[in-house]
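Take a look at the structure below.
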Amino acid sequence: MQARRAALKVTTGSERDDMSNEMWGGRYSAGPDAIMEDINVSIDVDRRMYAQDIAASKAHAAMLAAKGIIGADDAKNIAGGLDTILSEIEGGTFTFKRSLEDIHMNVESRLTDIIGAPAGRLHTARSRNDQVATDFRLWVRDAIDGLDRALKAYQLALAERALEHADTVMPGFTHLQTAQPVTFGHHLLAYVEMAARDRGRFADARKRLNESPLGAAALAGTSFPIDRHATAKTLGFDAPMANSLDAVSDRDFVLETLAAAAIASVHLSRFAEEIVIWTSPLVGMIKLSDKFTTGSSIMPQKRNPDAAELVRAKTGRIIGSLNALLIVMKGLPLAYQKDMQEDKEGAMDALAALSLAVHAMTGMARDLTADTARMERAAGDGYATATDLADWLVRTLKMPFREAHHVTGRIVGKAEAAGVALDRLPLAAMQEIEPRITDEAIRMLSVHSSVASRVSYGGTAPANVRTQAQGWLDRLKKDGV
């Protein structure tokens, strides 16, 4: 990969004036100042859209020929030249020239080198405004498809581990305090559900972005008899965008995708934070292997959960990219403004960071080892089954819940004073507070009895977890899910 990147040469310097003037045409007689070039150039970023740019240009040329706007031979030469450029870029022999500003002009200039004058016909009935909007929609669509595949694999890893740990009892937390026992499988399935919503948001964003700006030209459409429906179909869009002003100036598709990415990254960060906490020797509920931890330069005993920490940190970058583009777009009048050139770098960085984070979390989900004995001990700490006693008082003695809550609180206080677990407090001690309590209540207070009783839909009972986990595995293993 590094060799390939090194081969993608970028030229600067003395060629600046001649090339810039050639591409801009007769209006300009001098090249830009070096600072102007530096602030204006985008090829360092938008070169990543080369495949999308070439695909859109081939579709446009084929449509122009079909409508009789350019000749069939010219269209054939253009398509062949574009295929050559694609091979050059993928082979690492293409020279990207900063003086040509962007991917569009770099491709067009090279096309002219290869086929000569017919290359100049390619830009008929289009503008860089609709061209870049089309390319970026295609690029974001491809990125969404890749993220969906990654999130599906993440769900699959979580669901497999959830089925494995359907009976593994662990503490459930609120306020980071022990609340009630749950199963580890149930906890993992919560993240499966989050990832499902993430995939749904990306799917919604993809559906809305899947309209083609191509043919909107600079902002007003074109007088040539083009067929926008044909190019939209060729490129896999559902339809052409209905308003030419909106087509070239809309960046909702980026914002919506980044919003979905930000939410997904928050979900990953929450799980990453739990991994950091759980792997601490103070908690010790799980371990990660050498594959996803690092050591210390000075402390030989350390095993740091750096992968999880970096996933947590990347969330800031992703949220920042969303905020940055919102701020760029908030004051822009119609139609295209050069400010929109800032839409790509942050978005591309954010979606790459999210993809990496999803793959890292998938790896950690598969890699982690649960200390099931320690989890079970921790599940009973903090009188976590107190609610089960209150529920028994309501269910068996028909006690109003608020009264049951008060009675249970007094019993917990007695157990705490005696320094024993709730299910180890003698029955006689409980009956001093509520005489009607029986041995049946004490049997309900083990952590396994507690989780087994949570049979309501979506509850943590092991039978529920097995059903939910297997259901997810069945759905995820089907094509297209």
Side-chain angles (χ1 to χ4, degrees), residues 5 39-53 55-56 96 101-104 128-151 198-214 235-237 241 246-269 310-311 313-332 335-360:
R5 287 174 177 167
I39 197 171
N40 193 49
V41 71
S42 64
I43 187 60
D44 299 331
V45 174
D46 63 30
R47 61 200 275 178
R48 283 177 271 186
M49 301 190 303
Y50 71 86
Q52 291 80 16
D53 189 74
F96 289 98
E101 294 187 12
D102 56 32
I103 185 61
H104 324 301
R128 284 196 298 175
N129 294 355
D130 63 334
Q131 192 177 357
V132 69
T134 302
D135 292 356
F136 200 24
R137 280 178 183 264
L138 291 170
W139 189 93
V140 171
R141 189 177 72 183
D142 290 343
I144 288 174
D145 291 345
L147 284 167
D148 184 71
R149 290 190 294 272
L151 285 166
D198 293 329
R199 292 179 67 194
R201 274 182 283 270
F202 280 120
D204 289 344
R206 191 192 193 285
K207 182 177 181 180
R208 271 183 286 279
L209 75 75
N210 206 37
E211 293 184 342
S212 174
L214 192 58
L235 294 170
F237 289 113
M241 295 183 74
D246 183 47
V248 299
S249 64
D250 167 60
R251 293 298 183 271
D252 291 2
F253 69 97
V254 193
L255 291 169
E256 188 171 2
T257 301
L258 285 175
I263 296 170
S265 70
V266 167
H267 291 156
L268 296 178
S269 184
L310 288 167
V311 167
K314 288 184 185 299
T315 301
R317 292 171 62 183
I318 296 166
I319 295 171
S321 295
L322 170 61
N323 287 340
L325 187 55
L326 284 168
I327 293 166
V328 166
M329 295 299 297
K330 72 176 183 62
L332 299 187
Y336 179 81
Q337 313 291 328
K338 193 69 170 183
D339 310 52
M340 295 179 191
Q341 186 167 288
E342 291 296 315
D343 61 352
K344 296 170 199 66
E345 186 169 9
M348 289 177 170
D349 177 79
L351 297 181
L354 178 61
S355 178
L356 180 58
V358 174
H359 283 92

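- To the nearest 0.5 Å, atom CG of residue Leu138 and atom CG of residue Leu209 are 9.0 Å apart.
- When all heavy atoms are compared, the tightest approach of Ala247 to Pro213 is O-CB, 3.6 Å.
- Counting only heavy atoms from C-beta outward, the side chains of Leu268 and Leu354 approach each other to under 4.5 Å.
- Looking at Ile144 and Thr257, their side chains come closer than 4.5 Å, going by heavy atoms from C-beta outward.
- For Glu345, the CD atom sits in a loose shell: 12 or fewer heavy atoms of surrounding residues, nucleotides or ligands are nearer than 6.0 Å.
- Both tests do not hold together for Arg141 against Phe253: distance to the six-membered ring centre under 6.0 Å, angle to the ring axis within 45°.
- Under a 3.5 Å cut-off, the side chain of Gln52 and the backbone N or O of Phe136 do not form any donor-acceptor pair.
- Residue Lys338 places its NZ atom among more than 12 non-hydrogen atoms of other residues, nucleotides or ligands, all under 6.0 Å distant.
- For Ile43 against Val41, the heavy-atom pair with the smallest separation is CG2-CG2, 3.6 Å.
- Without hydrogens or angle criteria, Asn40 side chain to Glu101 main chain gives no donor-acceptor distance under 3.5 Å.
- Heavy atoms only, all atoms of each residue included: Val248 and Tyr336 are closest at O-CD1, 3.9 Å.
- Taking the charged nitrogens against the carboxylate oxygens, Arg201 and Asp198 do have a contact shorter than 4.0 Å, which makes a salt bridge.
- For the pair Arg48/Lys344, no side-chain contact is recorded, criterion being any heavy-atom separation below 4.5 Å from C-beta on.
- You'll find the side chain of Asp145 reaches within 4.5 Å of the side chain of Arg206, heavy atoms only.
- The existence of a salt bridge linking Arg208 and Asp252 is excluded, since no basic side-chain nitrogen approaches an acidic carboxylate oxygen closer than 4.0 Å.
- The shortest distance between side-chain heavy atoms of Arg137 and Asp250 falls below 4.5 Å.
- Side-chain atoms of Ser249 and Met340, non-hydrogen and from C-beta on, do get closer than 4.5 Å to each other.
- Put simply, the side chain of Phe237 does not reach to within 4.5 Å of the side chain of Leu214, judged on heavy atoms.
- Taken from CG in Leu326 to OG in Ser321, the straight-line distance is 11.0 Å, to the nearest 0.5 Å.
- The minimum heavy-atom distance between Leu351 and Ala143, with the atom names listed, is CD1-CB, 3.9 Å.
- Using modelled atom types, one side-chain atom of Ser265 and one backbone atom of Ala262 make a donor-acceptor pair closer than 3.5 Å.
- With rounding to the nearest 0.5 angstrom, the NZ atom of Lys330 is 10.5 Å from the CG atom of Asp339.
- Taking each heavy atom of Ser42 and Asp102 in turn, the nearest pair found is OG-CB, 3.4 Å.
- Taking CG of Asn323 as the reference point, atom CG of Leu255 lies at 10.5 Å (rounded to 0.5 Å).
- Side-chain atoms of Asp46 come within 3.5 Å of backbone atoms of Ile103 as a donor-acceptor pair (strictly under, hydrogens ignored).
- Between the CD atom in Glu342 and the CZ atom in Arg251 there is a gap of 12.0 Å [rounded to 0.5 Å].
- When all heavy atoms of Lys314 and Leu356 are compared, the pair lying nearest together is CE-CD2, 3.8 Å.
- The distance from the CG atom of Leu325 to the CG atom of Asp343 is 6.5 Å, given to the nearest 0.5 Å.
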